[in-house]
Amino acid sequence: MMRWPFRTALGFAGLFGAAGTAGAAYAAHGGGDASLAAIAAAIAFVHAPTLLALSLAGERLRGAALPILGLIAGVLLFSGDLAMRLATGGRLFAMAAPTGGTVLILSWLLLGVLALLPVRGGKP
């Protein structure tokens with residue numbers, strides 16, 4: 001049975017893949033500020049397969065829940081802020097996108113550190 005962080009990662013992989021596709025279509029058809037839509041879509045697209053891979057890594061990667069949650073939160077803040085600007089002209093909150101970007105950077109760095117730890121089950 002798949003534990004919650006991995007099931008959550010899989011669910012958000014699907015959500016971010018769909019959001020990335022929708023954002024790219026919006027940008028391609030020239031709606032609103034196409035550059036904001038393209039950036040938001042790109043961030044969602046990059047992180048969808050990452051979350052898919054983390055969900056498949058499962059419990060073999062020690063401490064994976066923290067970068068999973070960080071990547072999800074970072075995408076929601078970064079892409080969500082850009083999408084909010086497109087939809088309403090407002091922001092999620094002041095500094096939402098930079099906060100999300102910082103969380104993404106830190107989550108990627110943490111993932112790199114975790115990759116250096118021994119895997120569970122004793123096999124590399």
Side-chain angles (χ1 to χ4, degrees):
M1 183 171 183
M2 188 181 286
R3 287 185 41 221
W4 73 265
F6 310 109
R7 190 175 196 88
T8 300
L10 186 58
F12 275 95
L15 177 65
F16 292 162
T21 303
Y26 184 84
H29 294 288
D33 186 346
S35 64
L36 283 180
I39 293 167
I43 292 296
F45 267 141
V46 166
H47 292 88
T50 303
L51 289 169
L52 175 61
L54 286 169
S55 74
L56 295 174
E59 304 212 10
R60 292 183 48 105
L61 181 61
R62 293 180 190 270
L66 193 54
I68 285 171
L69 294 175
L71 292 171
I72 291 169
V75 171
L76 290 173
L77 288 172
F78 190 99
S79 293
D81 188 54
L82 298 182
M84 180 69 80
R85 289 186 213 179
L86 283 169
T88 68
R91 304 178 73 122
L92 286 176
F93 57 86
M95 301 295 290
T99 300
T102 301
V103 170
L104 288 171
I105 292 166
L106 293 173
S107 297
W108 279 106
L109 289 171
L110 178 58
L111 185 57
V113 169
L114 292 177
L116 300 174
L117 299 177
V119 297
R120 291 186 188 201
K123 297 179 182 176

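Note that the numbering runs from 1 along the sequence shown for the chain. Because the structure is predicted, anything quoted here is derived from the model rather than measured.
Between G23 and A41 the shortest heavy-atom distance is C-CB, 3.7 Å. The nearest pair of heavy atoms linking L77 to A96 is CB-O, 3.6 Å.
When the side chains of ILVMFWY residues are joined at heavy-atom separations under 4.5 Å, either directly or via intervening members, L54 and V113 end up in two distinct hydrophobic clusters. No chain of hydrophobic side-chain contacts below 4.5 Å, direct or via other Ile, Leu, Val, Met, Phe, Trp or Tyr residues, connects V103 to L15. Under a hydrophobic clustering in which Ile, Leu, Val, Met, Phe, Trp and Tyr are joined whenever their side-chain heavy atoms come within less than 4.5 Å, directly or via other members, L104 and F45 fall into different clusters. Note on I43: it clusters hydrophobically with L110, by side-chain heavy-atom contacts below 4.5 Å among ILVMFWY residues.
Rounded to the nearest 0.5 Å, atoms CG (L116) and CG (L111) are 10.0 Å apart. Between L117 atom CG and L61 atom CG the span is 8.0 Å, to the nearest 0.5 Å. Note that CG of L52 is 13.0 Å distant from CZ of F16, once rounded to the nearest 0.5 Å. Distance check: L92 CG to L82 CG gives 9.0 Å after rounding to the nearest 0.5 Å.
Residues I68 and F6 have side chains in contact (heavy-atom distance under 4.5 Å, counting atoms from C-beta outward). Under the 4.5 Å side-chain criterion, counting only non-hydrogen atoms from C-beta, L114 is not in contact with L66. Looking at L51 and V75, their side chains never come closer than 4.5 Å, going by heavy atoms from C-beta outward. Between L109 and I105 there is a side-chain heavy-atom pair separated by less than 4.5 Å.
Among residue pairs with one or both ends in residues 93-115, those qualifying as side-chain hydrogen bond (donor to acceptor under 3.5 Å, both in side chains) are H47-W108; sequence neighbours excluded. Identified under the side-chain hydrogen bond (donor to acceptor under 3.5 Å, both in side chains) test for residues 70-92, with sequence neighbours left out: D81-R85, D81-R91.
F78 pairs by the ring-ring contact (aromatic ring centres under 6.0 Å, His included) definition with nothing, not counting sequence neighbours.
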Hey, mind stepping through F12 and L71 against side-chain contact (heavy atoms from CB on, under 4.5 Å) and telling me if it holds?
-> CA-CA 10 Å; F12 275 95; L71 292 171; over 6 Å; no
